[in-house]
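These notes are about the structure you will find just below.
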Amino acid sequence: MIPASGLVILQIIIILALSPLISGIIKKAKAFFQIRKGPSIFQPYYDMAKLLQKDSVVSQNVSWIFHAAPIISFAAVLTAGLLIPIYITQLPFGFAGDLIAVVYLFALARFFTALASLDAGSSFGGMGGSREMFVAAMVEPALMLAIFAVALNVGSTNLSYISQTIAGMGIDAISPYQILAFVALFIIAIAETGRIPVDNPSTHLELTMIHEAMILEYSGKQLVIVELGAMAKQLLVFSLLANIFFPWGIASANSGIATIAFALVFYILKIVIIGITMVAVETSTAKWRLFRLPELLSVSLMLSFLSLVAFIIVKGG
Amino acid sequence: MSVNYLFFGIIAFYLIGAASAVILNKKDAICAYVSFLSAAMASLLGIIFSISIIFGDTFSYALSGGYLKFGFFIDRLSAFFILVISICVFAVSIYSTGYVREYFGKKNIGYLGFLYNIFIISMILVASADNAVMFLIVWELMSVVSYFLVVYEHEKPGTRKAGFIYIVMTHIGTGFILVSFLIFVGTSGSYNFETFAAAGKSMTPLLKDLAFIFALIGFGTKAGIVPLHIWLPYAHPEAPSNVSALMSGVMIKIAIFMIIRVSFDFLGASQAWWGYVVLALGTISAILGILYAVVESDIKRMLAFSSIENIGIILIGIGASMIFFAAGKPLLSAIAAIAALYHLLNHSIFKGLLFMGAGSILFSTHTKNIEDLGGLIKKMPKSAILILMGVLSICALPPFSGFISEWLTFQSLLLGFNLNNTFPMIILSISAAVLALTGALAAFCFLKFFGIGFLALPRSKHAEHAKEANTPMLIGMGIFASLSLLLGILPFYVLPLLEKIAASFTGNLDSFTFSNFGTFAIASGTTSLSTPAILGLVFIFMFGLSAIIFLIGRKRQPVYETWGCGQPVSTSRNEYTATAFSKPVQMWFKNLYRPARETETTYSTSPYLKESIKFESRIEQVIELHLYNPIVDFVMTTTRKAKIIQTGSIHAYLGYIFGTLVILFIFVIAGGNT
Amino acid sequence: MSEVVFGSKLMQLLIAMILVSTFMILGSTRLYSCVRAFGIQSFLLACVAGIVAYSTGKNDIYIVALLTLILKAAVIPYIFLYIIREIKVTREIELYVNISPSLIIGGVLVVISYYLIRSISIISELSSLALSASMSLVSIGLFIMISRKKALMQMLGILIMENGLFLGAISLTYGMPLLVELGIFFDVLIGVLIMGILIFRINKTFESIDTDMLKTLIG
Amino acid sequence: MIEYLLLAPILTGILCLLTRSRKQVEAISLTGSVVTLILGVSLVIDVYQNGIIMSWTNTLFADAFSAFIVLIVSIVGFVASIYSVGYMGHEFKHGILDLRKLKIYYVLFHMFMFTMLLVGVTNNLGLWIAIEMTTLVSALLMILYSRKSSVEAAWKYMIICTVGITFALFGTILTYYGAVKILGESGDALNWTSLIAVADQFDPTIMKLAFIFILIGYGTKAGLAPMHTWLPDAHSEAPTPVSALLSGVLLNCAMYGIIRFYTIASKSTGTEFTSNLLIIFGLLSLGIAVPFIILQEDYKRMLAYSSVEHMGIIAIGIGFGGTFGVFGALLHMFNHAMTKSLMFFGSGNVLLKHGTKEINKVSGVVKSMPVTGAMLLIGGLAITGSPPFSIFISEFTILSAGFLQGHIIASVLFLLFIIMIFAGFFYNLSKMTFGTPKPGIIPGEVSKMTLGAMAILVVFVFVLGIYMPPVFYEMIMKVVAVVK
């Protein structure tokens with residue numbers, strides 16, 4: 001039985017420690033699919049260590065927003081982290097917010113990053129900021145409908161309550177509307193974390209990078225925070241996917257150390273599987289043109305709408 | 001008894017403000033201070049008065065007066081609106097004492113102060129009228145006085161056209177309201193609102209629908225619901241900024257007040273399809289409002305369009321509440337109504353703040369075009385922070401007030417699923433999706449406004465020589481900025497107040513359960529929210545993080561040029577512009593905008609040497625072009641044709657008389673014999 | 001008693017003569033002949049009034065008959081001639097509707113007014129002859145004003161309508177009370193005077209009294 | 001008592017003839033109109049206290065309704081005389097009028113007042129004589145300036161109104177014929193009092209015919225729709241104080257005649273026939289006024305068409321009937337008289353300052369003549385029926401009568417026309433008042449007297465919009481009792 005404060009600190013440590021690892025594993029898997037050796041899974045840790053030693057060069061025409069933005073967005077992502085059940089459904093801060101609050105915390109992070117991108121006054125930043133907000137605008141309706149589909153099944157949008165009830169449901173959690181909602185959320189996750197069809201994370205080519213263009217001006221310590229924030233957000237989005245749709249093996253409220261350890265291992269496994277499927281999707285498609293993205297995201301909108309209608313017909317009707 | 005004194009004290013103070021504005025007309029400075037500060041004083045009384053009404057009981061007072069019986073009836077709902085008015089007036093009045101310095105010597109300050117005070121009195125009287133005649137008098141007085149405020153700077157070319165469209169549209173609206181009230185007078189026989197409520201219950205369904213439709217169109221014109229919104233982007237930008245802050249913040253809300261009053265109190269919101277109509281109108285206004293705001297590069301026009309969007313969001317809340325009320329679920333209807341009222345309060349505050357911000361930008365740079373701004377955060381640091389807080393709350397980002405009301409609206413739409421019949425579920429979820437899109441586009445639009453307007457290098461001489469706004473303006477904006485933060489962090493003070501108000505017209509009292517740490521849950525369900533906790537966490541992480549960063553790693557932060565792939569990038573030439581920033585959205589919705597662009601190239605000597613290229617792109621206002629212009633053209637052509645009656649020849653005139661005589665003869669002979 | 005009066009041959013003859021005089025005005029193209037015809041018409045009207053006064057024995061109608069005789073048969077034609085001489089206007093009457101169609105229309109108007117009065121069955125059979133004559137007089141007067149261009153002719157049209165009404169009054173109620181009749185005569189006289197002044201003023205400003213010039217005020 | 005009221009204007013008229021200098025003629029005219037006002041108000045109080053007054057072998061008669069008309073005539077007459085001192089004084093100073101013309105103007109002005117007062121107080125059907133005299137006197141007033149357009153307007157006014165009046169005479173004869181059959185040959189067969197007492201025994205077909213002729217006759221004088229063609233020319237070409245009197249008061253006197261016969265005719269023919277006719281004519285006048293106000297280039301003609309519109313509204317008010325309808329119509333008569341004269345006075349000031357009646361050639365009046373500009377705007381808002389002013393109250397009462405009596409379509413049409421007229425009127429008005437003044441216009445008011453006159457009217461327009469003094473309310477209810 002771990003005290004509440006212990007749970008919180010454990011959750012923070014897991015998020016901070018695990019996210020670069022997952023990102024390294026994804027890069028490794030990508031290299032594997034492209035039949036090349038690729039950097040070790042701990043490469044992100046080394047990069048961060050190196051960056052901490054470098055000067056953080058700052059453009060001359062920036063204001064305080066440029067310095068405050070990474071801190072605010074990282075803090076917002078971490079707060080969202082505390083609202084999402086990772087390995088245990090009992091969240092000390094679960095009462096503070098629900099799924100919609102998490103979405104809006106991510107929006108706060110994105111808002112400040114985009115704002116900072118405009119601060120340096122270069123056209124790359126402006127282009128990145130405009131495209132990032134454009135993608136976000138396309139994602140929102142689909143995301144909201146997906147939340148409605150999920151919340152419908154359970155009756156409330158409180159995350160710990162959702163994962164608890166769905167975990168309790170056991171096998172019949174896999175129903176048509178859940179699958180439709182999962183696929184919709186998967187497409188949204190691609191857009192949210194800036195994966196291939198929407199945005200190319202690994203390149204610095206101006207035309208294709210959206211997320212990278214925003215953080216072009218950062219260097220040194222500030223770049224570490226921004227990178228860590230991005231990786232943490234990626235981990236949280238994956239854990240959202242995992243713990244809403246396949247929460248089996250998640251530790252229930254105030255369970256012993258053993259169950260928590262087991263739940264942790266099971267959680268890492270789920271996250272890695274999701275990461276690999278994401279990589280599979282990435283390597284099989286090329287990056288889409290920016291103005292074809294509305295089609296992709298209207299697909300996810302339709303999917304979440306169908307899941308809603310399916311639920312109404314099956315249960316509600 | 002003290003409540004009577006308080007109410008008449010409020011009116012007295014505004015009248016003192018108006019009178020002093022006229023008396024001290026010659027001395028600009030003193031006149032500005034006296035008239036606006038007395039308005040601020042009166043609004044303080046207003047706040048105390050309305051809160052005492054909300055927690056106390058209703059206030060009614062009849063003034064005897066021959067044929068025109070003026071009386072006041074303030075229940076919790078109208079007290080809430082007096083509260084909204086008073087809060088806005090308090091901050092805007094302080095702001096105005098600084099803002100009107102721009103007009104010293106150029107314009108007549110006494111006239112502005114006088115109109116300003118009369119404008120506020122008329123709004124308060126509208127909220128407290130107890131019979132149709134008085135209501136219509138003060139309603140149109142409000143529109144007429146705001147018309148004179150809109151055309152205050154009538155030397156500017158566009159102002160007269162904007163004022164004309166505004167006064168004609170509001171007059172058409174009043175025409176519809178008149179018909180709707182007359183339907184009530186027709187059945188009840190008296191002008192008093194109580195008899196309206198009684199008559200409303202006993203009317204035939206057809207009359208009820210007619211009364212509702214006319215009232216919705218009438219008040220919708222004033223609120224700026226989409227098909228009737230075309231005056232709003234004309235009128236608000238032309239008015240002086242402190243007035244447009246009040247108009248956008250408060251005046252369009254009075255129309256919402258009356259929509260609630262007519263549909264709930266008078267007609268008992270018994271028909272379900274009314275709710276769907278209001279919901280649909282709200283959704284359309286929200287999405288169209290923000291779409292036009294995103295591509296707008298004139299600050300005040302953008303804010304006007306965003307007012308249309310927020311009115312849409314409020315109407316979504318009210319529509320949902322009417323649907324639940326008609327389906328016999330007072331609890332759900334109360335929650336939806338609270339969401340709408342909360343957003344109404346928040347919108348008055350952050351829209352007032354943004355208009356005041358636009359005013360301070362106008363005050364220091366004399367331009368409203370975002371394309372000419374840039375780098376203002378360095379020139380006007382204090383107002384930049386305050387405007388940033390306004391921007392954050394309008395984009396509904398967590399610690400600020402917009403987030404709470406948007407979250408509540410989403411939750412109330414989600415509650416639709418307890419109605420266990422399919423039609424409302426589908427409609428409410430579509431409206432939720434559109435609301436989400438609107439929220440995201442709002443973030444896009446205001447990021448463009450703040451990012452392009454305040455950050456990086458100034459794009460024009462105006463922006464370079466901008467200077468910080470004077471202290472009263474900063475105080476005014478500060479009040480609203482802190483209020484929008486407080487409303488975001490402490491909802492558990494505001495929600496009990498709103499519960500009482502929603503109960504007054506939906507009949508369900510406790511719709512929220514409150515627990516420690518400032519959390520509130522929806523109707524003892526599990527979904528709960530506690531913004532103080534979220535804010536606490538964010539702050540802890542921020543301080544923790546900045547402490548760690550400060551300690552580890554290298555300290556040096558050399559300053560260098562922005563990265564421009566090697567070339568020196570020191571000018572503001574290759575900064576992103578507002579139109580470029582909103583280009584993706586314009587491409588996404590191009591068949592709505594129908595962008596028209598013209599390029600004119602002037603050649604010098606030979607066709608190969610271009611002297612200059614002039615490029616101009618315009619966004620079409622679809623509704624205005626395809627709905628209003630045909631009607632106006634039709635009226636104009638018929639009037640031109642009808643003018644042949646007065647041809648000038650006396651013989652024709654005599655012919656008319658002879659003709660009427662013959663027709664009447666036939667009318668009598670035929671009529672007589674039968 | 002009233003039936004007897006109107007039945008008498010003499011009265012029918014006089015009313016017929018009045019109708020003929022109206023047609024004379026309709027048919028003439030010269031101003032002098034119109035004025036003269038109007039004079040005759042008024043004289044005949046005075047005789048009708050005289051007969052009615054004689055037969056009903058109400059002696060105040062005598063005064064009325066005398067007044068019509070002096071005023072309408074003598075004074076007004078004199079005013080007309082004075083005007084025509086003074087403003088040296090061309091004697092020709094310009095017409096919108098030339099002579100033969102206007103005569104036909106005059107005839108149609110008389111038939112219509114007979115039919116109308118007959119269909120209103122309330123009035124006693126005999127006096128309806130006088131009333132329909134007055135109705136046709138009124139409608140022809142109005143038609144003259146519509147179809148003639150000269151301002152003088154419009155003045156004449158009004159006076160013909162006035163005569164029609166006077167005939168109607170006599171036939172329906174043997175004249176109005178004396179005071180009212182005096183008032184009406186007084187008004188008619190002043191009306192003619194003022195119209196005369198107006199015609200002089202038009203002639204001074206427009207150099208002609210053709211109402212076609214009066215077309216500037218439109219819209 | 002009534003004789004003194006009638007004598008006062010005649011006396012002032014004659015005295016004006018004898019004066020030699022401008023100062024004297026203005027002084028006499030002012031004192032004369034003050035005396036008329038005092039006598040008029042005392043007559044109203046007299047009637048208010050002890051009902052109908054008869055005098056001079058009861059050919060002169062004053063009941064509540066005629067007292068109401070006398071009140072309107074004397075108030076507007078008084079204010080118009082103040083205004084004409086300023087207006088004519090300005091014309092005199094600028095040499096447009098010489099002393100002789102000025103004296104003629106004042107004489108005719110007071111004669112005009114006399115004729116209109118006479119309309120109010122004649123008992124028997126001599127009403128026709130009084131209205132005929134008003135036409136004659138006002139025609140003379142119109143040709144004061146010997147401009148081409150005013151002569152043309154005077155001629156058209158003269159011809160069309162006299163034709164109309166002849167029809168009204170025929171209607172009067174028919175009514176007299178109906179009355180004689182019941183009351184016999186006695187002299188008072190024409191007096192209102194005896195007529196109303198026995199009105200229900202009249203023969204319906206005669207009364208229908210009579211009402212048609214009266215409606216066309218006095219309708220021409222009142223400017224109801226198809227017969228209104230003389231009104232815009234006459235009211236825009238006459239000198240401004242006269243056009244204020246014409247629009248504000250003379251139309252009401254004609255409407256007084258129509259309403260008198262309406263009460264008599266509707267007793268026998270049943271209100272259904274007569275009220276439908278009034279509503280149709282009212283709506284027609286409203287409809288015809290709309291296009292001419294929207295596309296109007298001359299602001300005085302625009303005001304004239306707005307008079308056609310308001311006469312239509314009064315006709316509709318009476319047509320709707322019921323206490324609300326008649327109360328609204330009578331109140332509208334009073335309000336319209338006040339607001340229309342205010343607007344004409346304002347446009348008179350603009351005419352004096354800019355010298356042209358064209359709307360496009362006038363702008364920035366609020367800047368060059370702030371007080372007149374403000375009063376024009378207040379008057380413009382009032383005349384188009386926006387609420388804080390008195391016209392809205394009467395229009396709202398008429399509308400609620402329409403809904404109460406079930407004439408829904410007529411009221412909705414009525415509302416639609418008012419809104420279109422508001423749009424057109426305000427478009428032209430804002431073009432004139434706002435913007436920068438035209439070059440060459442020296443800022444500054446025309447003369448103090450004109451502003452004084454307008455100030456009095458603004459008080460009426462504003463106060464009646466918000467507070468209805470009980471005495472005034474009682475008086476109108478007495479008139480409603482007479483009319484309904």
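Here is the naming used below: chain letters follow the sequence lines, and residue numbers restart at 1 for every chain. Values below: all heavy atoms of this structure, side chains included; hydrogens, waters and symmetry mates excluded.
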message: At under 4.5 Å between heavy atoms, what parts of residues 290-299 of chain D are in contact with chain C? List them by residue number.
response: D:Phe292, D:Gln296
- prompt: Any residues in residues 136-148 of chain C near chain D, with a heavy-atom distance under 4.5 Å, and which are they?
  reply: C:Val138, C:Leu142, C:Met145
query: With no hydrogens and no angle check, do the side chains of D:Gln201 and D:Ser268 hold a donor and an acceptor under 3.5 Å apart?
result: no
query: Are C:Leu165 and C:Ser134 side-chain neighbours, meaning at least one heavy-atom pair lies under 4.5 Å?
result: no
- prompt: Looking at side-chain heavy atoms only, is the closest gap between D:Phe114 and D:His110 below 4.5 Å?
  reply: no
field: D:Met227 side chain near D:Ile160 side chain, heavy-atom distance below 4.5 Å
entry: no
query: Is a side-chain donor-acceptor pair under 3.5 Å present for D:Ser307 with D:Ser247?
result: yes
D:Arg147 side chain reached by D:Glu237 side chain, heavy atoms, under 4.5 Å: yes
message: For C:Ile194, which atoms come within 4.5 Å of any heavy atom of chain D: side chain, backbone, both, or neither?
response: side chain
- request: Would you confirm whether the ring centroid of D:Phe213 sits within less than 6.0 angstrom of the ring centroid of D:Tyr218?
  value: no
query: Going by atom types only, do D:Thr135 and D:Tyr157 share a side-chain donor-acceptor pair under 3.5 Å?
result: no
message: Can you tell me if C:Tyr82 has over 12 outside heavy atoms packed within less than 6.0 Å of its OH?
response: no
- request: Using a 4.5 Å cut-off on heavy atoms from C-beta on, say whether the side chain of D:Phe112 contacts that of D:Leu250.
  value: yes
message: Quick check on the interface: out of D:Lys156, D:Arg301, D:Met142, who has the most heavy-atom pairs with chain C under 4.5 Å?
response: D:Arg301
task: Pick whichever of C:Ile184, C:Thr205, C:Leu198, C:Asp187 has the most heavy-atom pairs under 4.5 Å with chain D.
output: C:Asp187
- request: Give a yes or no on this: more than 12 heavy atoms of other residues, nucleotides or ligands lie within 6.0 Å of atom CZ of C:Phe200.
  value: yes
